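Quick caveat: nothing in here was measured; it's all calculated off a predicted structure. When a ligand or atom number is given, it counts from 1 through the structure's own listing order.
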Amino acid sequence: MRQGGTSLLYQKRAVRAGYDMDILPSDLATYGAEAKTLLEDLQSRNERMFLVTMLVMNTAETRQKLENNVFQAAGIAQKYNCALRRLDYQQEQGLMSSLPLGLNQIAIQRGLTTSSTAIFVPFTTQELFMQGEALYYGLNALSNNLILADRKRLKNPNGLILGTPGSGKSFAAKREIANAFLVTMDDISIIDPEDEYSPLVRRLGGQVIDISPTSDQYINPMDLTLNYSEDDNPLTLKSDFILSLMELIVGGKAGLEPVEKTVIDRCVHMVYRDYLQDPKPEKMPVLGDLHALLCQQPEPEAQRLATALEIYVSGSLNVFNHRTNVKINSRIVCYVIKKLGKQLKKFGMQVVQDQVWGRVTENREARKSTRLYVDELHLLLREEQTAAYTVEIWKRFRKWGGIPTGITQNVKDLLSSREIENILENSDFIYMLNQAGGDRQILARQLNISPHQLSYVTNANAGEGLLFYGNVIIPFVDRFPKDTELYRLLTTRPEDLAEQQ
Ligand SMILES: Nc1ncnc2c1ncn2[C@@H]1O[C@H](COP(=O)(O)OP(=O)(O)OP(=O)(O)O)[C@@H](O)[C@H]1O
Ligand SMILES: [Mg+2]
C-alpha cells in the first residue's frame, strides 16, 4: 500500500512539473515492466530468486589458440544477446570457482528466477552417482557425468550384459571385474569359454584354472559342500545338479524320462552315503562311483544311463572323473574351458557354476560377497534341465550373497521359457549394448523402454548403450583410453593384439 502511495505521489509531482506519462524514457518503461513481471513471478508463480554467476572456462595449448577460443566463445554468447566479460586479474579466482568445489570467488552475480536458472542446469537428466563401493560404468551420454553405481545396494544385484557380437560385452565385464577387484573385497570367479579373461586375471595376481583334456588340473563335479543352512538339504540341490549333467550326457530333445530321473536320484543318495557319514575329502565320490551304482540297478533305463555315462568315466571324455586337485587360494579365479569340445563345454560350464556355488556358501559364513561372471550364458539355457538348474542357482545366489553376471548375445534364449524369463525379470542390473533389430523389439516390450531410449542401442559403437539400474535407465558412453596397460589387458581385437606382439 505504502509503495503504491509513494509512486502515486511521484506521478502527481511529475504531472504537476509538466511531464506527460507517455514521454517516460522507453528504457525505463521496459525495465519497469520487467520488474513488474518479476515481482509477479515471485509472488504468485512460486518462483524463487537466485543469484547466479556464470563462468565459461577456456583452455588451449598455446596463447594464440586461447585467444581464438575466447573470441569464439564470446561470439557464441553474443549471438544469444549475452556479453561475456574477461576475468582480467581474477583468473585464478575464476579457475577455482569453476572447479567442482562449491566455492564461488567471483563477485559478479545476476538475479535469475527459478525457471531461468533451470536452463543452465539440465535437471531433466537422470544421474547415477553413488558413494562408497560404487563402480564405474561409463559417462552419462546426456550430461557427461560419471556413472558410479553399487550393485549390492539393488534389491537384486543379479546382472546381465547384452549386445551383438563385438559390441563390447566381454570388455565391459572385464572392466567391471578390474574395478571390483580394486575397489571391493569381493571374491570374483569367471567362467571363460573363449579364454579371454586370463591375461587380466594373471596381471591381478589371480588364479587361472585350465580345464581341458590335456590339463592336469581337475574339478570334480561330485564335490559336495556341507555349509548349507538347516532347512536346506545339500543332497537336494546336488541331485538337481546331477540330473542336469545327466541330461547333457544323454542329450536328445525330450530330456530325461521320469523313470530315469528316479533312478538317478536314488543313486545320488546312495553314492554320498559313505561320505556323509565321515566327510573326509578322500571319501568324496567321483562320476565312476555313480556309474558303478547305475550298473547295479535293475531297471533297463539304468543300463542306458550307465552306457551314456561310460565315455565320461573311462572313455575319451573322462576329464571330470577325478577328485578336485586345485586349491582356490586367490580372490580372483578364472576357469578357462575353451579347449573342451562343444558338448563338454556346456558340461564344464555347469560344473564350474556348481563349484562357484560351493564357494558362495563358504563365503557367506565369512560374510563376503562372491561375484560370478558367466560369458556365453546362452549355452546353459538351451537344455531344459540345465536351464532350470541355472535359474535355480541364480535365485539362490542373491540370498547367499552372490552377485552373478550373465553375458550373452542371444536375447531370444533368455525368453525361451517362463522359467528362463525369471533371469531377465530378476536382474535389476542390465548393461545393454548395441542390439540387433529383432532383439531390440523384444527388449523394448519386455523392459518397457521408449523408442527414444532404443535409439541408444541402435547402431551404437562398442562401449555405448543403455544402463538399467533398478528403475533408473541411463544412456552411457564408455570410451576406454587405448594407450593404457589396462586396455591392452582387456582388448581382444586382433589389431590390438598384433601390435602387442
Ligand atoms: N568401452 C570400450 N572402449 C574401447 N574399446 C572397446 C570398448 N568396448 C569394446 N571395445 C573394443 O571392442 C572389442 C570387442 O569387444 P568385446 O570382445 O567385448 O565384444 P563382445 O561383445 O564380447 O563380442 P562377442 O559376442 O564376439 O564375444 C574389444 O576387444 C575392444 O577392443
Ligand atoms: Mg565376448
Quiz prompt | Matching residue for Ser244 among Glu384, Gln353, Gln350, Glu383 - test: side chain to side chain donor-acceptor pair (under 3.5 Å) | solution = Gln350

Quiz item: At their closest point, which heavy atom of Ala308 faces which heavy atom of Ile249, and how far apart are they?
Solution: O-CG2, 3.4 Å

Exercise. Scan side-chain atoms only and decide if Glu127 and Asn145 contain a donor-acceptor pair under the 3.5 Å cut-off.
Key: yes

Quiz item: At the 4.0 Å heavy-atom cut-off, does Thr164 count as touching ligand 1?
Solution: yes

Self-check item: Polar side chain donor-acceptor pair, Asp192 to Tyr373, under 3.5 angstrom
Solution: no

Practice problem: Measure from the side-chain N and O atoms of Arg331 to the backbone N and O of Asp186, and report whether any donor-acceptor pair falls under 3.5 Å. | Solution: yes

Quiz item: With distance as the sole criterion, is a donor-acceptor pair present between the side chains of Asn158 and Ser427 under 3.5 Å?
Solution: no

Quiz item: Do ligand 1 and Thr491 have nitrogen or oxygen atoms that lie under 3.5 Å from each other?
Solution: yes

Practice problem: Check each heavy atom of Gln409 against ligand 1 and say whether those closer than 4.0 Å belong to the side chain, the backbone, both or neither. | Solution: side chain

Quiz item: Which one of Arg359, Lys238, Arg396 satisfies the salt bridge (charged side-chain N to carboxylate O under 4.0 Å, His left out) criterion with Asp354?
Solution: Lys238

Quiz prompt | Any N or O of Ser170 closer than 3.5 Å to N or O of ligand 1 | solution = yes

Quiz item: Can you find a side-chain donor-acceptor pair between Asn422 and Glu425 that sits under 3.5 Å?
Solution: no

Quiz prompt | Candidate list Tyr469, Phe476, Phe429, test ring-ring contact (aromatic ring centres under 6.0 Å, His included), partner Tyr137, passing option | solution = Phe429

Quiz item: Nearest non-hydrogen atom to atom 10 (N) of ligand 1 belongs to which of Gly166, Ser167, Pro193, Ala462?
Solution: Ala462

Self-check item: Residue-atom pairs from the protein, N, O or S only, that lie under 2.8 Å from the Mg ion (ligand 2)
Solution: Ser170 OG

Self-check item: Whether Gly163 lies under 4.0 Å from ligand 1, heavy atom
Solution: no

